[in-house]
Amino acid sequence: MTQTSDRRERTRIERYDAASIEPRWQARWDELGLHRTDLSDTRNAYYLLTMYPYPSGDIHIGHWYIKTPTDAIARFQRMHGRNVFLPIGFDAFGLPAENAAIKNRVNPREWTMQNIANMRRQLRSMGATFDWDAEVVTCDPEYYRWNQWLFLKFLEAGLAYRAKSPVDWCPNDGTLAREQVEGADRHCWRCGAQVEKRELDQWYLRVTKYADELLDFSEIEFPDPVRIMQTNWIGRSEGGEIVFTTAASDHHPGGEEIRVFTTRPDTLFGATFMVLAPEHPLVERLTAPDRRTEVEAYVAKAATETEIERLSAERDKTGVPIGADAINPVNGERIPIFVADYVLGGYGTGAIMAVPAHDERDFSFATRFGLPIRRVVAVPGTEDEPMAAAYVAHSADEVLVNSGEYSGLSADEGGRRIVEWLARDGRGRPAVTYRLRDWLISRQRYWGTPIPVVHCERCGIVPVPEADLPVLLPDTVDYAGSGVNPLTRDEAFLNVACPSCGGPARRETDTMDTFIDSSWYWYRYLSPHKADEPIDTDMAEGWTPVEQYTGGAEHAVMHLLYAREFTKMLRDVGLVQQNEPWRRVFNQGQILGLDGERMSKSRGNVQDPDELVSRYGADTIRLFLMFMGPWDQGGPWSPTGMGGVHRFLNRVWTIALDPHGVEPGDPDAGRLPAGESEAAAAIALRRAAHKTLRVVTSEYESFKFNTMVAHLIELANTLMRYRGTAIAGRPEWDEAVRLLLLMLAPAAPHITEELWSRRLAATGRDWSSIHRERWPAVDETAAVDETREVPVQVNGKLRDKVVVPAGIDDAELQRRVLAAPKVVAALAGRQPDRVVVAGGGRLVNLVVRS
RNA sequence: GCCGGAGUGGCGGAACGGCAUACGCGGCAGUCUCAAACACUGCUGAGGGCAACCUCUUGUGGGUUCGAAUCCCACCUCCGGCACCA
C-alpha cells in the first residue's frame, strides 16, 4: 500500500463518540425492557442486591464505583440465561435531612425528594439495568407503615420491649448522635453546651435471643473478615456466674448478694478485690457514708466518658473504694469493693471479681492501688516467682496453686469443679455471656418511622391498632431553631384518643432507628405496592435468600448483623421461611477524595460524575472504575489513567469497524511478525482469544474486574498487531472480535451494543441486543499452548529459561535444563546436589552446596 | 485502646509458596502532520558496566523453606468499625 492510500484508510471511519451513542442505547434498552424482571418466573432466579443509597445530595463518583460493577454482574448473569432481578431504592430517613432542615429551614421531605430525583437521573446515566418498577423509598408511608406493622407483630410476640437507657443529652438540642458530640470535653456541636447523660424509657428489640444462632454462618457466605468481626461482636464467653455476699460493717448489715460473671472460675481463690461498674445499682446502697462524696463524684465523671475511653487498655486505671467489703464464697475472705469505670454496666452482671494475678486490667489496677496479688495458676516450680505482669498464658502443664483442695488440678478441670461445688448450694452456676446487646431502636427525632404506640393515663402503653396504621409523620414541621424533636411540640400529632379506653392519650414521639428500614427492604422490592402485608410470602419463597449482596465493608457489623437478626425475627413471626437474608455477600471498597478522606460536599472533595460523563462517556468511567484496582479495595479518587481506558475503547472501535486500516508509526504495520506464517498467526490469535475468554469468565465470576479489563486490553492489543494484515480477513479474526465484544459487553454496554449492531447490520442476521446474546463457550483445544517456557534457578536464583514442548516429561526436561548454556556457566563444572522440579515442571531449581 | 484490613516502580496496581513489577498512567524517543492535537510504534524499577552481563529491590527486624512479596513471630504506618452518620 502506498502512503496516500494509508491516509485515506485512516480518515474513512468516524471516531468513537460516546455522547452520540449512549443516550440512544439507554432509550432502546428501556423499550426492550432489558432491565425489567418477570418476577413470576423463578426458574433461573438470580436476585442481585446492591445496598440502596442514602440520598445525601453528595452525589459523587463513589456511587458509580459501587453500582456499575454490580450492573456488570447483572448483565453477565443474564448472558448466562439467569433471570436477574436488580432493584434499587432509597434509604430516605435519617439525620442529614434533619440537619439540613434545621440549618436551612427546608422541609426534610422536600430536601430528600429533591435529592432522590437528582440521584435517579444520575443512576440512569450509568446505563445500569436497575428495575425501577420495583423502587422503594423508605420515607414513603407506603413503606414505613410496614415498619410499624412489623413492630406491632414483634411487640405481640414479646420481641419488642421497653427499658430505661441513657442518651447523650444537650439541654438545648435534646438527644445527640455520637457524631454530634464533639471534643474531649464532650460539648454539643450546635450550641456548645456541656453534654450530659439522661436516662430515658426506650424501645428495644430482643435480638440477643438469637446470639447463638447468629454465630452459625453455615447458610451465609461472608468474606472471612466480616464473619470474624461479627463473631467477635457477638462475643460469646463461657464461664460461671458466682455469687459473692457483702460483709457486715458499721453502715451495712451485710448478706447482700453481688453476682459476677467470670470466664475464669478456676482463679476464684486469687480474687483479692471486687469491682462494680459505676452504673451498678448496688453502688448507691453499699457506699459508706464517709466515702459517698468521692464515689458520687467518680460515678458522675464516668457518665461523661465514652465506652471506648473506658475500655482503653492503655490509660491508667482509675477507681475508688466504696468502703464496703465482699466475702469470697470459696474461702470466706473479706475483700474490698471498688467502683471503677473499666467495668461496664451493660456487660455480664456489671460487676467483676478481680484476680490481679491472672488478668491484665486487674493487675494494673491492683498495682496502682497497692492491692494484694495472689498467684493461683502456675507451671509447677514457678509458683513463688515474683510477678511483673498478669499471667494469662495457657500452658499444658500449668496447675492451680493456693486453691485449697483444688490445688494441683488443671485450670480447666479445677474451674469446672469449683463451679459444680458452688452450684450445689446456689452460690454459683455455669453461665454464658455475650458482648451483643439488645437493639435499642428508639430515636428522639422527627425524620423516621413513628413508633406506633400511645401513652394512656389510664391504660399505660397501648399499641396502635393495625387498622389505624400508618401513624403518619405530620408534613408541616417546625424545628424552631433547635435540634429537639418537633413531634414533642406538635399538639395535633400528640393528642389522640386511647384505642383501648377512648380516654385522652398522647402519642409516642420517638421514631425508629433507620437501620430498621434497611433490615428488610429487599423483601419489599419483590412487592413494593402490596397493600395488605409487608412481604409477599410466595414471592419471598421464590426469590430469597438474595443470591448476591454487594455493599461497603463499613457495614460489616452493624447493618449486616441487624439485617440477619431482623430476618430471624421475621421468620419467628411467620413472614418468611428462611434463616438468613442473603446467600453471598461481597464488600467493595470505598472511594475517597484526593485528600484520602471520605467524599462529602462539606469537605469539598467530591468528584461530580456528570462532568466525566460529558467528557468521556459512561462506558469509559465504568471501565476505569473497574480497572483502577481490586473492587474490594477502593482508595483515593484520581482521574489519572482515565485516558488510557478511553484509548482502549477507541482501539476496540477501530478493530471492529476498520480491520484493514493501518496506522502510521509502526514500521511493520500491515505485515505479520517476522517468521510467523499466516496459518501460525491465525492459530495464535485463536489461542489468545480463547485463553482470554477462559480467564475473563472466571474473573467476572469472582469479581476480579481489574485484571478482567487488563486481559481484554491485552486481547485488543494482540488484535491491533494483526490489523491490516492478511489475518484481518480471516474467520479467526472475526471470531476474536466477536468474543472481545461479548466479553466487554457487561462492563461497557453502550459501545459494544453499537459495534454489535453495526457488524450484524452488515450480515443481515437477526438480533435484538448484544445483552441478550449467550455468553460464549471456551474452545479448550484452541486454548492449549504447544510450548512453554521453564525458568531455571541455581540455588534459588534465576539463571536461564528454556523453551520446551508442552507435553515433555521430567527426565527430558532435566536433560534440557542441564544443557542450557547459562546453566552450564552458572554451575561452573559443579554437579547439582539436588534438582527440584516444581509444580508439574513449571520451574526447575538446581541446588549446589558449597 | 479493642476488632478487621492494607503497605510492591514516579503513580494506580499484577503475581498470593516457584520468572517480582502483567495491564494502565506518567516520562523519553520516533512515525504521521506545514505545525500542533489525535492516533500509532519502541524504550522505561534502582545501581554498576562500552557490552555480554552482574548486584540490589515488595513498610522494618527476625524465622521456616531447595525457593518467601506470598507462610510464622515481633514492630511501624495508614484505612474501616466500635452499637444515635449511613
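Reminder, nothing fancy here: chain letters follow the sequence lines and each chain counts from 1.
Evaluation of the side-chain hydrogen bond (donor to acceptor under 3.5 Å, both in side chains) rule for A/R361 yields A/D359 as partners, not counting sequence neighbours. Judged as a side-chain hydrogen bond (donor to acceptor under 3.5 Å, both in side chains), and not counting sequence neighbours, A/Y562 has no contacts. For A/Y347, there are no ring-ring contact (aromatic ring centres under 6.0 Å, His included) partners at least two apart in sequence or on another chain. Taking A/R694 as the reference, A/K691, A/V778, A/E780, A/A783 meet the side chain to side chain contact (heavy atoms under 4.5 Å, CB included) condition, with sequence neighbours excluded. Residues passing the side chain to side chain contact (heavy atoms under 4.5 Å, CB included) test with A/V836, sequence neighbours excluded: A/R834, A/N845, A/V847. Looking at residues two or more places apart in sequence or on another chain, you find a side chain to side chain contact (heavy atoms under 4.5 Å, CB included) between A/R799 and A/V794, A/K797, A/A826. Judged as a side-chain hydrogen bond (donor to acceptor under 3.5 Å, both in side chains), and not counting sequence neighbours, the contacts of A/E699 are A/T707, A/H711. Residues meeting the side chain to side chain contact (heavy atoms under 4.5 Å, CB included) test with A/K209, sequence neighbours left out: A/L159, A/D572.
Comparing B/G4, B/C23, B/C85 by their closest approach to the side chain of A/E179 singles out B/C85. Among B/G24, B/G4, B/C84, the nucleotide with an atom closest to any side-chain atom of A/I713 is B/G24. Taking the side chain of A/D513 as heavy atoms from C-beta on, and the options B/C23, B/C84, B/G4, the nearest nucleotide is B/C84. Among B/C38, B/G18, B/U41, the nucleotide with an atom closest to any side-chain atom of A/A838 is B/G18. Among the nucleotides B/A39, B/C66, B/G4, the one closest to any side-chain atom of A/V836 is B/C66. With B/G80, B/G18, B/A22 as the candidates, the nucleotide lying closest to the side chain of A/N845 is B/G18. Considering only side-chain atoms of A/E714, the nucleotide from B/C23, B/C19, B/G80 that sits closest is B/C23.
Using a 4.0 Å heavy-atom distance criterion, A/V167 is classed as a base contact. Within 4.0 Å of A/T514, counting heavy atoms only, lie sugar-phosphate atoms of the nucleic acid but no base atom. Among the atoms of the strands shown, none is found under 4.0 Å from any heavy atom of A/E360. Nucleic acid contact for A/T175: base, since at least one base atom lies under 4.0 Å from a heavy atom of the residue. Within the nucleic acid shown, A/F515 comes within 4.0 Å of at least one base atom, counting heavy atoms only. If you check every strand for non-hydrogen atoms under 4.0 Å, A/R647 touches sugar and phosphate atoms only. At a threshold of 4.0 angstrom between heavy atoms, the contacts of A/H555 include nucleobase atoms, whether or not backbone atoms are also involved. Counting any heavy atom pair closer than 4.0 Å across all strands shown, A/D632 reaches no nucleic acid atom. Heavy atoms of A/W233 sit under 4.0 angstrom from at least one base atom.
Not a single donor-acceptor contact under 3.5 angstrom links the side-chain atoms of A/Q793 to the base of B/C66. No donor-acceptor contact under 3.5 Å links the side chain of A/R15 to the base of B/C38. No hydrogens or angles were tested; on distance alone, nothing pairs the side chain of A/N232 with the base of B/C3 as donor and acceptor under 3.5 Å.
With both ends at atom P, the span from B/U8 to B/C71 equals 16 Å, rounded to whole Å. A gap of 16 Å separates the C1' atoms of B/U58 and B/G12, to the nearest Å. Nucleotides B/A20 and B/G27, compared at atom C1', are 22 Å apart to the nearest Å. B/U31 and B/C25: their C1' atoms are spaced 22 Å apart (whole Å). Rounded to whole Å, the C1' atom of B/C16 lies 8 Å from the corresponding atom of B/A69. Rounded to the nearest Å, the gap between the P atom of B/A68 and that of B/C56 is 13 Å. Atom name C1', nucleotides B/G7 and B/U21: the rounded distance is 16 Å, in whole Å.
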Handout entry: Protein proximity profile, nucleotides 10-15 of chain B - base contact B, sugar-phosphate-only contact S, no contact -, cut-off 4.0 Å on heavy atoms
Key = --BSS-
Problem - Contact state string [nucleotides 44-58 of chain B, B base, S sugar-phosphate only, - no protein heavy atom under 4.0 Å] - result: ---------SSSS--
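Distance alone, capped at 3.5 Å, places no donor-acceptor pair between the A/W439 side chain and the A/T208 backbone.
Look at A/D224 and A/R227 and you find a salt bridge, because one of the NZ, NE, NH1 or NH2 atoms lies within 4.0 Å of a carboxylate O, short of that distance. Taking 4.0 Å as the cut-off between side-chain N and carboxylate O, A/R186 and A/D168 count as a salt-bridged pair.
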Practice task
Show your working on ring-ring contact (aromatic ring centres under 6.0 Å, His included) between A/W64 and A/F624 and close with a plain yes or no.
Solution key: CA-CA 11 Å; A/W64 282 61; A/F624 175 67; over 10 Å; no
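A stem is defined here as three or more consecutive Watson-Crick or G-U pairs, each with both distances under 3.5 Å; for RNA chain B these stems are B:1-7 with B:76-82, B:10-12 with B:23-25, B:26-31 with B:39-44, B:45-48 with B:53-56, B:59-63 with B:71-75.
Sequence order on RNA chain B of the closest nucleotides to A/R721 and A/L440 puts A/R721 first from the 5' end. Both A/Q180 and A/V847 lie near RNA chain B, and the one whose nearest nucleotide falls closer to the 5' end is A/V847.
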Expected list for residues 633-646 of chain A: side-chain donor-acceptor pairs under 3.5 angstrom, two or more places apart:
residue : atom : partner : partner atom : Å
A/W637  : NE1  : A/Q607  : OE1          : 3.0
A/S638  : OG   : A/T640  : N            : 3.2
A/S638  : OG   : A/T640  : OG1          : 2.8
A/H646  : ND1  : A/T620  : OG1          : 2.9

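Between A/Y52 and A/W522, the distance from one ring center to the other does not fall under 6.0 angstrom.
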